[in-house]
Amino acid sequence: MSIKENLAQIKEQLPDNVTLVAVSKTKPLQDLQQAYQEGQRIFGENKIQEMTQKWAEMPKDIEWHMIGHVQRNKVKYMAEFVSLIHGVDSLKLLREIDKQAKKHRRVISCLLQIHIAEEDTKFGLNEEELRTLVSSQEFITLENVRIKGLMGMATFTVDEVQIRREFNKLNSLYKSVQSDFGGLSILSMGMSGDYKIAIEEGSTMVRIGSSIFGTRNYQ
Ligand SMILES: *Cc1c(COP(=O)(O)O)cnc(C)c1O
């Protein structure tokens with residue numbers, strides 16, 4: 001199936017309140033251009049350098065989302081244009097995003113990544129670390145970052161019960177911080193293999209790559 005057909009099929013399945021991030025990491029510009037022609041305006045990348053190159057080449061009405069783990073020393077390269085950083089997992093990183101955003105007179109929207117999976121390889125805060133971060137004195141003083149919600153990745157498994165349980169847990173945490181923190185509107189969870197479950201469990205933003213662009217070829 002073509003990118004066009006894949007996109008159409010996925011969009012048909014998404015409720016109106018769920019935003020689609022087309023994850024274009026490793027894919028060539030032609031693939032992004034095809035998705036753009038179909039009206040896709042939100043793209044997700046996980047490497048800052050690759051995202052910056054694509055941003056330079058593609059039309060300027062695209063929203064670029066950084067979905068990968070962010071190294072602090074590279075924040076400066078995307079601070080001018082990034083729309084949403086999904087994987088924020090420390091106050092140190094937020095401090096750097098705030099500093100770089102200030103230089104461009106921007107307020108950068110961020111999601112806090114929560115660790116919900118079994119694997120240690122996935123990054124993120126646990127519940128206690130999340131609560132500590134959002135209630136810290138310094139966090140309140142950061143004027144050039146805005147926390148819009150939470151992001152999480154489920155365990156890579158065929159066990160749908162487990163995936164559902166992990167998403168459900170993230171949604172409960174989201175609702176809980178939403179009520180004492182306010183202003184949160186994004187719950188980013190769900191990828192090609194599990195986005196249907198994620199939506200049933202309350203996702204408002206799905207990050208889909210291979211189901212749109214085909215399998216990735218890492219070299
Ligand atoms: C690669 C990636 C995705 C998309 O994965 P697919 O399985 O190809 O849909 C989503 N989220 C994150 C954080 C990723 O790194």
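One-based numbering, in listed order, for ligands and for the atoms of each. The figures that follow rest on heavy atoms only: side chains count, while hydrogens, waters and symmetry mates do not. Computed from a predicted structure; not experimentally measured.
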Asks: Kindly compute the distance separating CD (Glu166) from CD (Glu201), expressed to the nearest 0.5 Å.
Replies: 11.5 Å
Asks: Which of the numbered atoms in ligand 1 are below 4.0 angstrom from a heavy atom of Arg207?
Replies: 4 (C), 9 (O), 10 (C), 11 (N), 12 (C), 13 (C)
Asks: Which ligand 1 atoms are under 4.0 Å away from a heavy-atom of Gly209?
Replies: 4 (C), 6 (P), 8 (O), 9 (O)
Asks: Ligand 1 versus His86, non-hydrogen atoms closer than 4.0 Å: side chain, backbone, both, neither?
Replies: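 Neither; no heavy atom under 4.0 Å.
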Asks: Can you tell me how far apart CD (Glu50) and NZ (Lys25) are? Round to the nearest 0.5 Å.
Replies: 10.0 Å
Asks: Mark yes or no for whether Lys54, through its side chain, and Lys27, through its backbone, hold a donor-acceptor pair below 3.5 Å.
Replies: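 Answer holds: yes.
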Asks: May I ask you to check if ligand 1 and Met151 share an N or O to N or O distance below 3.5 Å?
Replies: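 Among all N and O atoms of Met151, none is under 3.5 Å from an N or O of ligand 1.
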Asks: Could you tell me the residue and atom name of the protein heavy atom closest to atom 5 (O) of ligand 1, and the distance to it rounded to 0.1 Å?
Replies: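 Closest protein heavy atom to atom 5 (O) of ligand 1: Met191 CE, 3.5 Å.
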Asks: Please assess Glu96 against Gln100 for the test side-chain hydrogen bond (donor to acceptor under 3.5 Å, both in side chains), listing each intermediate value before the final yes or no.
Replies: CA-CA 6 Å; Glu96 177 64 15; Gln100 298 299 334; 2.8 Å; yes
Asks: Closer than 4.0 Å to some heavy atom of Met153 - which atoms of ligand 1 meet that?
Replies: 13 (C)
Asks: For atom 13 (C) of ligand 1, which protein heavy atom lies nearest, and how many Å away is it?
Replies: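 The closest heavy atom on the protein side is Ile67 O, 3.5 Å.
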Asks: For the pair Arg165 and Thr155, evaluate side-chain hydrogen bond (donor to acceptor under 3.5 Å, both in side chains) and give the outcome as yes or no after the intermediate values.
Replies: CA-CA 10 Å; Arg165 193 191 322 121; Thr155 303; over 6 Å; no
Asks: As an exercise, identify every atom of ligand 1 less than 4.0 angstrom from a heavy atom of Ile208.
Replies: 9 (O)
Asks: Report yes if some N/O of Asn46 lies less than 3.5 Å from some N/O of ligand 1; otherwise report no.
Replies: no
Asks: Going by the order shown, which atoms of ligand 1 are within less than 4.0 Å of some heavy atom of Ser192?
Replies: 6 (P), 7 (O), 8 (O), 9 (O)
Asks: Are His69 and Gln71 close enough, and set up right, to give a side-chain hydrogen bond (donor to acceptor under 3.5 Å, both in side chains), and what steps lead you there?
Replies: CA-CA 7 Å; His69 191 249; Gln71 285 172 275; over 6 Å; no
Asks: Keeping to residues at least two apart or across chains, list the ring-ring contact (aromatic ring centres under 6.0 Å, His included) pairs with something in residues 139-164.
Replies: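 Checked against ring-ring contact (aromatic ring centres under 6.0 Å, His included) - neighbours excluded - the pairs reaching residues 139-164 are Phe139-Phe181.
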Asks: Could you check whether atom CZ of Phe81 has more than 12 heavy atoms from other residues, nucleotides or ligands sitting under 6.0 Å from it?
Replies: yes
Asks: When you measure from atom 1 (C) of ligand 1 to every protein heavy atom, which one gives the shortest distance, and what is it?
Replies: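 So the nearest neighbour among protein heavy atoms is Lys25 NZ, 1.4 Å.
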